[in-house]
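Count residues from 1 along the sequence.
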Amino acid sequence: MFNQELPPALSLATLFFLCGHVLSVTTDRFCYAGQSCYPSSNQRAVFAKSINNRVVLPFDEEYNRLVQLQNVRETRFPNLIVTPTSTEEVQKTVIFARKFNLRMSIISSGHDYFGRSTWDGSLQMNMRNLSDVHVNLTSSRHADGEVSVGAGSTWLKVYTKLDAHDRVVVGGSAHTVTVGGYTLGGGHSPMSRMFGLAVDNLLEVELVLADGSKAVASADGTEITSPDGNVNKTTDSGLFWASRGGGGGTFGVTTKFTFKIHQAATGMVNLGIVFPMLLANGTFIGDTVLEKVSEILLNGPAEWGGYLLTDGITDQDGSVGHIILFFNHYGAWDTASRRYMDQLYNFHPEWSKQRFYVNYTSFLEYEKTVIDAQYYRTYVSNILMNNQSFTPEWRKTMLNLAFRFPRNSSVVRATGAWIGGKVHDVGINDTSVHPGFRESYLALTTALGWEGDGEHEDDFIAEGIKIMNDLRPYGIGSYRNEGSPDTNDWKGDFWGSNYDRLLAIKRLYDPDNVFTCIDCVGK
Ligand SMILES: Cc1cc2nc3c(=O)[nH]c(=O)nc-3n(C[C@H](O)[C@H](O)[C@H](O)COP(=O)(O)OP(=O)(O)OC[C@H]3O[C@@H](n4cnc5c(N)ncnc54)[C@H](O)[C@@H]3O)c2cc1C
């Protein structure tokens with residue numbers, strides 16, 4: 001009955017439910033199972049019937065799989081999971097939750113690093129069944145066309161559909177990340193330097209608001225249809241702006257996103273190079289390599305994007321640490337922009353452990369080679385780095401932290417997403433992501449990962465916080481989707497000068513804070 005990959009706590013939780021206990025002793029302002037305010041079994045049954053019984057309960061076999069978060073240590077246990085297949089079912093669910101003052105959580109893939117998509121005892125809306133993809137090549141809003149996507153769709157599904165039309169869209173690198181939370185927080189991509197962030201490409205969103213109304217929001221305004229069918233149209237585009245970086249789980253349940261799509265390039269080249277930090281002969285090369293990489297990140301043409309990865313793992317040949325460059329070129333092999341990277345390919349080839357160019361026919365072919373992360377325990381933090389950030393001190397900090405192993409079973413990995421290019425062409429207040437995105441070249445995420453089932457958790461978290469604080473001086477903000485829950489100033493770190501407007505929009509559309517999550521606007 002139980003998925004063997006799950007931590008033992010899950011099985012225990014299920015037993016609690018089977019015995020009729022309330023799992024969490026939650027004392028916030030919402031109503032939970034076991035309290036007299038909680039809907040009776042008859043009321044729950046009537047609700048379930050109204051949404052075609054798309055309900056998963058703790059004793060259902062599917063439950064364990066649905067509640068598991070990518071970062072397993074953040075897994076929690078909703079009391080009721082709803083898997084709507086239409087906007088109407090989402091509306092009915094919000095109205096039901098509102099009527100009984102149930103805490104809602106919204107989950108698309110469960111990749112959120114600090115568990116904002118779940119809550120013990122909540123009514124969880126799982127968006128996986130809202131995953132249709134519609135391509136429109138004759139859009140009046142964008143010459144290359146547009147695509148409408150259900151919130152629960154994975155990016156690989158969208159890429160595959162678009163590839164058939166010779167089109168691409170700005171989306172996530174990992175295949176299992178879904179459109180919902182990724183986009184609402186900003187969304188960087190292997191193609192961001194060519195086409196901007198995901199939110200820069202957003203044309204329209206459809207969402208269900210706290211009172212069960214359906215809203216369709218774009219730069220032209222907002223159309224709201226109340227549950228009883230009244231339509232109100234305004235030119236206020238605040239809700240659309242808030243959906244462009246203000247974060248998931250905050251303004252409503254977003255059911256559909258419409259993005260600009262782009263004509264596919266004639267090719268896609270991938271460059272991979274692996275350098276150690278310390279050669280097997282004892283020569284330390286990490287600083288020289290990172291200095292060269294910094295120069296490339298600050299000056300490379302927009303056709304190139306991709307990732308800088310580091311870790312401090314020792315290889316069998318005695319070399320220590322890795323600096324991995326995984327860059328992608330949007331365009332054919334025989335171009336000046338592709339050749340720009342030959343200087344990196346030819347940079348001390350005698351040091352590199354691996355180096356290759358691969359010439360793909362399409363973005364989809366390249367994307368298929370990306371390997372998704374497994375489930376893990378991790379502590380993540382992020383900084384946005386501008387042209388002042390790539391100092392010798394930063395390089396030293398990066399190299400030092402790779403060698404911090406608080407316990408044997410842990411490793412510190414860093415993944416920097418190369419931004420800049422078109423991301424810098426958008427005004428700092430045109431979308432609601434942190435303004436720092438518009439001058440940054442790297443969104444650098446560090447992840448302290450460890451094995452085990454919760455032992456020494458506090459030690460690991462303390463170490464994760466130290467890592468965050470060590471890197472903080474080199475950042476000008478933090479990416480909301482990859483940041484830490486322990487910054488001293490989450491409003492400023494995640495949204496900077498955009499926070500106050502976000503809060504005003506939150507107050508307008510959700511004055512009672514029906515949608516709430518950890519370090520989310522209006523919390
Ligand atoms: C392996 C991995 C790879 C990643 N790769 C990238 C990448 O390439 N680029 C990048 O920018 N980020 C990346 N991220 C970070 C990613 O953007 C965040 O984890 C993001 O929150 C994932 O969104 P989700 O909907 O898939 O996850 P979820 O955990 O389901 O949701 C995240 C948040 O959004 C809310 N939410 C989800 N769906 C909706 C909805 N329909 N309406 C309203 N709120 C909603 C949730 O309540 C939660 O607060 C990656 C993360 C992981 C773990």
Exactly one of Lys256, Lys214, Lys92, Glu206 should register a side-chain hydrogen bond (donor to acceptor under 3.5 Å, both in side chains) with Thr87. Which one does? Glu206
All heavy atoms of Leu297 vs all of Phe390, minimum pair found to be CD1-CE2, 3.8 Å
Worked check of salt bridge (Lys or Arg N to Asp or Glu O under 4.0 Å) between Arg472 and Asp493: CA-CA 10 Å; Arg472 196 181 160 93; Asp493 281 356; 2.7 Å; yes
CG of Asp470 to CD1 of Ile465, rounded to nearest 0.5 Å, is 12.0 Å
Any donor-acceptor pair under 3.5 Å from Asp512 side chain to Val514 backbone: no
Shortest non-hydrogen contact from Asn513 to Phe30? O-CZ, 4.0 Å
Any donor-acceptor pair under 3.5 Å from Ser153 side chain to Ala151 backbone: no
When rounded to the nearest 0.5 Å, the distance separating CG of Leu384 from NE2 of His434 is 6.5 Å
Using every non-hydrogen atom in the two residues, find where Ala414 and Leu444 come nearest and quote the distance to one decimal. CB-CD1, 4.1 Å
Do Tyr159 side-chain atoms and Glu367 backbone N/O form a donor-acceptor pair below 3.5 Å? no
Pair Phe259 + His142: ring centers closer than 6.0 Å: no
Given the options Met104, Lys99, Glu89, Val94 meets side chain to side chain contact (heavy atoms under 4.5 Å, CB included) only with Met104
Check whether Asn129 reaches the backbone of Thr83 with its side chain - one donor and one acceptor, N or O, closer than 3.5 Å. yes
Can you give me the closest heavy-atom contact between Ser148 and Thr258, atom names plus distance? OG-OG1, 3.0 Å
Would you mind telling me which of Lys260, Arg141, Arg167 makes a side chain to side chain contact (heavy atoms under 4.5 Å, CB included) with Glu146? Arg141
